[in-house]
Amino acid sequence: SGQGGSIDLSVGDGSYFDGGDVNLRAGRSLSSARTGGSVRIDGGEGSSSHSDDGGDGGAVELYGGESKGESKNDSGGDIKLSGGTSQSGYGGSVHLQSGYGTSTSSGVVFIRTSNAGQYGTSGDMALETGTSSNGKSGSMSLLTGDASKGSSGDVDI
């Protein structure tokens, strides 16, 4: 009964091998009109300053909470992600898929690449809507970012 507790958890660093993994699940809500617990997880740093291969940041794999309510207003949990920052290489990629609606529409995917560093280009985007067995498939609206030097990116459909 009442609100579930929070967990702050840290696992060991790897001095010569990979850092420790974290597998975590937030508490569920058993009350109507309430939300299951949220999860925030940061992948481990590849923090060696070695110039040849300092190590990659750890991946984060998350699933939004499942909604078992029987109303079309009962939505699966959202996922808000950002790829990892890299001091010298490319920033981390983000691979997303919206939730499946068993009796209704699948979830919406909002994606934006980060701005480019001083000498790079902003990240590319490849998008695809899901199929539909009863009605039209999802629509796409695409915009490329402004370029202060050079031209804006292409949109290929």
Side-chain angles (χ1 to χ4, degrees), residues 6-11 18-29 33-49 51 53-69 71-157:
S6 297
I7 296 177
D8 291 326
L9 177 66
S10 176
V11 296
D18 296 341
D21 292 335
V22 175
N23 297 303
L24 180 65
R25 181 178 178 188
R28 59 188 177 154
S29 172
R34 297 296 178 189
T35 304
S38 296
V39 175
R40 177 185 169 170
I41 298 175
D42 296 327
E45 293 179 4
S47 60
S48 169
S49 60
S51 63
D53 188 354
D56 298 335
V60 175
E61 298 178 7
L62 297 177
Y63 296 87
E66 181 177 351
S67 170
K68 293 197 174 186
S71 166
K72 68 179 181 178
N73 296 321
D74 297 325
S75 302
D78 292 342
I79 296 177
K80 299 177 183 179
L81 294 178
S82 175
T85 299
S86 172
Q87 296 300 316
S88 300
Y90 296 139
S93 298
V94 177
H95 303 261
L96 295 178
Q97 177 177 319
S98 66
Y100 175 65
T102 303
S103 332
T104 60
S105 304
S106 62
V108 176
V109 176
F110 296 96
I111 299 176
R112 179 186 187 277
T113 64
S114 287
N115 296 335
Q118 185 174 0
Y119 300 107
T121 60
S122 62
D124 293 336
M125 297 185 91
L127 301 175
E128 178 181 352
T129 64
T131 61
S132 174
S133 60
N134 188 12
K136 67 178 187 172
S137 62
S139 298
M140 278 194 192
S141 298
L142 298 177
L143 300 171
T144 62
D146 293 333
S148 58
K149 295 182 179 178
S151 59
S152 294
D154 294 332
V155 176
D156 297 322
I157 298 176

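Owing to the predicted nature of the structure, the values given are computational and were not obtained by experimental measurement.
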Exercise. Return the minimal non-hydrogen interatomic distance between A116 and T121, and the atom names on each side.
Key: CB-C, 3.2 Å
Self-check item: All side-chain contact (heavy atoms from CB on, under 4.5 Å) counterparts of T131, not counting sequence neighbours
Solution: none
Quiz item: What pairs with D74 under side-chain contact (heavy atoms from CB on, under 4.5 Å), at least two apart in sequence or on another chain?
Solution: S67, S71
Practice problem: Could you tell me which residues satisfy side-chain hydrogen bond (donor to acceptor under 3.5 Å, both in side chains) with N115, sequence neighbours excluded, listed by chain and number? | Solution: R112
Quiz item: Nearest heavy-atom pair of A26 and S38: which atoms, and what distance?
Solution: CB-O, 3.7 Å
Self-check item: side-chain contact (heavy atoms from CB on, under 4.5 Å) involving T113 - partner list, sequence neighbours excluded
Solution: S122, M125
Exercise. Sequence neighbours left out, what passes side-chain contact (heavy atoms from CB on, under 4.5 Å) with S29? Give chain and number order.
Key: S31, R34
Quiz prompt | Listed partners of R28 passing side-chain hydrogen bond (donor to acceptor under 3.5 Å, both in side chains), at least two apart | solution = none
